[in-house]
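Below is one structure, written out as structure tokens; comments come after it.
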There are 2 protein chains.
Amino acid sequence: MKKNVKIEFKCVLKDVLDILGGKWAIPIIYVLFDGTKRFKELERNIPNINTRMLVKELKKLEGANIIRREAFATIPPTVEYSLTEKGKKLQPIILNLYKWGEENVDL
Amino acid sequence: MKKNVKIEFKCVLKDVLDILGGKWAIPIIYVLFDGTKRFKELERNIPNINTRMLVKELKKLEGANIIRREAFATIPPTVEYSLTEKGKKLQPIILNLYKWGEENVDL
DNA sequence: CAGCATCCATCATGATACTG
DNA sequence: CAGTATCATGATGGATGCTG
């Protein structure tokens with residue numbers, strides 16, 4: 001009997017895409033490969049994102065345990081974002097995507 | 001001098017995400033790993049997609065040379081979709097994403 | 001600085017009905 | 001079957017003001 005692609009798809013890939021499939025998740029994660037970043041640094045490093053979207057995506061990624069948020073009670077406040085172990089495991093995948101792009105986009 | 005993440009990001013990953021970053025591109029490609037599929041088969045195998053979105057995404061993917069469209073003048077009409085070489089190169093990447101999901105989503 | 005709240009315009013998506 | 005057309009709804013972008 002043939003393997004049911006549909007069921008498999010529903011179970012896992014859907015959840016992955018709910019997290020990574022949006023417009024901003026991968027860009028944010030990509031910037032964080034470079035190391036810990038503050039809120040404003042992320043905003044500056046991600047072209048065309050706006051505050052509202054950045055806040056929203058950071059929460060989603062934090063909720064999915066892909067990034068970690070650390071707040072420091074300084075004045076003015078400092079908040080640092082970094083990848084968790086789970087998030088770091090995405091690095092090779094995203095770099096492969098990047099590589100695929102270099103080799104295959106717009107030839 | 002430090003490598004400029006921003007510029008690199010803009011040049012390639014953005015283009016990749018324009019193609020693959022939507023809600024339906026990866027699901028469609030994933031189903032096509034199984035082999036050539038007709039329009040209706042795709043629609044049946046991708047949970048919750050609707051005709052309009054499927055048509056639109058298929059066109060986008062065809063335009064990006066990731067899938068190939070072949071129409072046959074039968075009655076009723078037959079249209080088959082399959083992955084191009086470029087599209088097939090995405091298989092390991094998407095399977096890694098899938099694997100990442102199995103290991104890291106909702107534990 | 002690191003957000004949250006709000007208003008508004010525009011774009012993307014969903015659900016169906018319809019046609020060659 | 002393989003789409004196209006249409007309408008309703010929701011998500012997102014952009015500007016801006018407010019707070020601890």
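These numbers were taken from a predicted model, which means no experiment stands behind them.
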When you check the phosphate oxygens OP1 and OP2 of [N], does a side-chain N or O of [X] lie under 4.0 Å from one of them?
{"X": "Arg38(B)", "N": "dA2(D)", "result": "yes"}
{"X": "Lys23(A)", "N": "dG13(D)", "result": "yes"}
{"X": "Trp24(A)", "N": "dA11(D)", "result": "no"}
{"X": "Lys59(A)", "N": "dC4(C)", "result": "yes"}
{"X": "Tyr81(A)", "N": "dG3(C)", "result": "yes"}

Distance, rounded to the nearest Å, where [X] contributes [atom1] and [N] contributes [atom2]:
{"X": "Ile49(B)", "N": "dA15(C)", "atom1": "CD1", "atom2": "P", "value": "11 Å"}
{"X": "Asn50(B)", "N": "dA12(C)", "atom1": "CG", "atom2": "P", "value": "15 Å"}
{"X": "Leu54(B)", "N": "dA15(C)", "atom1": "CG", "atom2": "C1'", "value": "15 Å"}
{"X": "Arg69(A)", "N": "dC1(C)", "atom1": "CZ", "atom2": "C1'", "value": "12 Å"}
{"X": "Asp18(A)", "N": "dA11(D)", "atom1": "CG", "atom2": "P", "value": "13 Å"}
{"X": "Arg44(A)", "N": "dC1(C)", "atom1": "CZ", "atom2": "P", "value": "7 Å"}
{"X": "Ile75(B)", "N": "dG3(D)", "atom1": "CD1", "atom2": "P", "value": "15 Å"}
{"X": "Lys56(A)", "N": "dG14(D)", "atom1": "NZ", "atom2": "C1'", "value": "14 Å"}

Item to check | Closest to the Pro77(A) side chain, choosing from dG14(C), dG20(D), dT16(C) | outcome: dG20(D)
Next on the checklist: Side chain of Val79(A) only, heavy atoms from C-beta on: which candidate in dG3(D), dG3(C), dG13(D) is closest?
Outcome noted: dG3(C)
Item to check | 4.5 Å side-chain heavy-atom contact, Glu43(A) and Thr51(A) | outcome: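 Answer yes - side chains close enough.
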Item to check | Validation row: Ile67(B), Leu58(B) side chains within 4.5 angstrom (heavy atoms) | outcome: yes
Item to check | Residue whose closest nucleotide on DNA chain C lies nearer the 5' end, Pro76(A) versus Val55(A) | outcome: Pro76(A)
Checklist entry - When you check the gap from the basic side-chain N to the acidic O, do Glu57(B) and Lys60(B) get nearer than 4.0 Å? => result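 Salt bridge between Glu57(B) and Lys60(B), a charged N being under 4.0 Å from a carboxylate O: yes.
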Checklist entry - Would a distance-only check, ignoring hydrogens and angles, find a side-chain to backbone donor-acceptor pair under 3.5 Å from Lys86(B) to Ala64(B)? => result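 Confirmed, Lys86(B) side chain pairs with Ala64(B) backbone.
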Next on the checklist: Please check: side-chain N/O of Thr36(B) versus main-chain N/O of Glu80(B), any donor-acceptor pairing under 3.5 Å?
Outcome noted: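 Between the backbone of Glu80(B) and the side chain of Thr36(B) there is no qualifying donor-acceptor contact (under 3.5 Å).
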Next on the checklist: What I want to check is whether an N or O donor and acceptor connect the side chain of Arg52(A) with the base of dG13(D) at under 3.5 Å.
Outcome noted: yes
Checklist entry - Which comes earlier along DNA chain D counting from the 5' end, the contact point of Thr51(A) or that of Glu57(A), where each point is its nearest nucleotide? => result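 Checking each residue's closest nucleotide, the 5'-ward one belongs to Glu57(A).
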